[in-house]
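Quick caveat, the model's predicted, so the values are computed rather than measured. Each chain gets a letter, A, B and so on, in the order its sequence line appears, and its residues count up from 1. Keep in mind that the numbers below use all heavy atoms, side chains included, and drop hydrogens, waters and symmetry copies.
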Amino acid sequence: MSPHHPPITISDVEVIDASPRFSLIEICARCGVDQTLIIAMVSYGIVEPHNDYHIPEQWRFMAGDLIRLQKALRLKRDLSLNLSGLAFALDLLDEVNSLRQDINQLQHYIKTMQQD
Amino acid sequence: MEFKDYYKILGIKDNATTEDIKKAYRKLARKYHPDVSKEDNAESQFKEIGEAYEVLKDPEKRAEYDQLKQLGARGRDGSFQPPPGWQSANHFHEAFSGDSQFSDFFEAIFGQHGSARRHYSSQGFQQTIKMRGDDIHHRIALFLEEAYQGCQRTLQFQVPEADNQGLITHRTKTLNVKIPAGVTQNQHIRLKGQGAPGIGGGPSGDLFLEIELAPHPLFHAEGKDIFLNIPVTPWEAALGCAITIPTLGGKVSLKIPAGAQAGQRFRLKGRGLPGTPPGDQYAILQLTQPAHHSDKAKSLYQQLAQETSHFNPRQKLGV
């Protein structure tokens with residue numbers, strides 16, 4: 001289907017959760033939406049900006065926030081959610097994910113107990 | 001080419017109303033949305049559903065599809081060919097979106113000139129437009145040992161690619177990535193410029209990798225810190241002892257003081273995941289004893305019971 005491309009080797013990667021680094025302008029460019037929407041999403045608590053909440057020009061976001069916003073925008077587009085529904089869905093998804101992780105841990109724990 | 005039964009994909013009858021179609025689509029879209037579903041084939045299912053809906057929600061396209069379904073030539077193996085000279089009345093254009101991709105079947109019916117590729121130059125998308133490529137997000141699962149030592153991973157994923165006429169194709173991109181030592185659960189790694197290519201000379205997006213650590217048989221990680229349960233016998237805890245315990249970096253000796261209690265934590269500084277500063281390892285004491293005792297051991301326990309009869313372990317319970 002696609003022409004064959006040789007693999008690219010990358011040894012210079014960046015671990016980026018140490019500090020919040022994306023400005024509102026950068027977030028908008030990466031999400032392909034305008035500031036009003038991101039500001040509205042922040043007001044619904046979909047992500048929490050770092051720095052002073054009252055001055056959007058000073059907001060900084062973590063990589064995880066950026067990925068969450070991109071995911072939120074896909075869900076909003078594909079499932080025609082409004083912002084309140086979107087925030088609610090994301091909270092529930094977070095909870096489901098954290099429960100899944102707990103279940104994994106517990107199943108794992110049970111397995112090791114049974115082996116002893 | 002395989003014939004796609006859009007009605008079957010949405011689980012509806014051929015005579016379904018537009019309202020039925022919308023309802024079926026909404027329900028399936030929620031179920032198979034790749035950001036929500038944990039099913040292995042969620043992404044391809046979601047695309048199929050989207051494609052079926054794209055056709056059936058539009059009365060004109062639906063009529064054309066129904067006609068084709070009746071008229072189209074079917075090979076013995078079930079393969080499908082549109083009737084010779086087939087041309088869609090719909091001038092279908094889809095706005096550029098990095099992650100939607102319709103099937104060859106769809107393109108053959110509704111795509112421009114039956115091309116298996118698609119244009120996005122209509123409706124304001126001109127060559128002069130300059131757009132940053134999409135960021136791409138992937139999770140990678142690592143064993144704790146790999147997170148500790150760092151490792152190399154080969155990743156494969158699809159990126160959209162536009163040629164100079166604005167036609168979109170998808171290609172598989174392969175990357176060999178070196179994951180540095182000391183990454184933690186849910187941490188992100190950025191590979192600059194390795195996302196989807198930009199449009200009209202715009203910069204490429206980035207690739208974000210989210211780390212997911214597989215459960216380990218012994219260790220449990222929280223951030224950079226590592227937790228390990230250490231079983232000791234009651235007499236080891238009472239008398240104190242030096243024991244050997246595992247860490248991610250190899251075995252170490254740990255001195256347990258006399259009178260140690262169950263649940264007590266011992267910190268092994270800097271023995272967690274590497275970094276500046278590195279994490280610590282915590283050894284958590286658990287008391288354990290043999291399931292059966294010999295007669296001699298039992299009588300020794302009886303002596304111990306008499307010797308420590310003043311101690312009430314349930315004092316706090318008020319009994």
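A side chain to side chain contact (heavy atoms under 4.5 Å, CB included) with B:Val36 holds for exactly one of A:Val96, A:Leu92, A:Leu93; it is A:Leu93.
To the nearest 0.5 Å, the span separating CD1 on A:Ile67 from CG on B:Asn186 amounts to 10.5 Å. Taken to the nearest 0.5 Å, the CG atom of A:Leu75 stands 12.0 Å off from the CZ atom of B:Arg30.
Looking at B:His220, the atoms closer than 4.5 Å to chain A (heavy atoms on both sides) all sit in the side chain, from C-beta outward. For a residue to count as touching a neighbouring chain, one of its non-hydrogen atoms must lie under 4.5 Å from one of that chain's; by this rule B:Gln156 does not touch chain A. Only the side chain of B:Leu191 comes within less than 4.5 Å of a heavy atom in chain A; its backbone stays farther off. Both the backbone and the side chain of B:Arg190 come within less than 4.5 Å of a heavy atom of chain A.
Within a 6.0 Å sphere centred on CG of B:Asp40, other residues, nucleotides and ligands contribute 12 heavy atoms or fewer. Surrounding CD1 of B:Ile284 are more than 12 heavy atoms belonging to other residues, nucleotides or ligands, all under 6.0 Å away. Heavy-atom neighbours of B:Lys57 NZ from other residues, nucleotides or ligands within 6.0 Å: above the threshold of 12.
A salt bridge does not link B:Asp134 to A:Arg30: none of the charged side-chain nitrogens sits closer than 4.0 Å to a carboxylate oxygen. With salt bridges taken as basic N to acidic carboxylate O contacts below 4.0 Å, none links B:Asp35 and A:Lys71.
Ranked by heavy-atom pairs under 4.5 Å with chain B, the first of A:Gln107, A:Arg100, A:Gln101 is A:Arg100. Contact tally against chain A (heavy-atom pairs below 4.5 Å) for B:His216, B:Arg26, B:Gln152: the top residue is B:His216.
The shortest non-hydrogen separation linking B:His188 to A:Gly64 is CE1-CA, 3.4 Å. Nearest heavy-atom pair across B:Arg132 and A:Ala29 is CD-O, 4.4 Å.
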* Step by step, would you call B:Ile136 with A:Gln70 a side chain to side chain contact (heavy atoms under 4.5 Å, CB included)? -> CA-CA 10 Å; B:Ile136 296 180; A:Gln70 288 172 341; over 6 Å; no
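Not a single donor-acceptor pair under 3.5 Å links the side chain of B:His33 to the backbone N or O of A:Asp78.
Put simply, the side chain of B:Lys38 reaches to within 4.5 Å of the side chain of A:Asn97, judged on heavy atoms.
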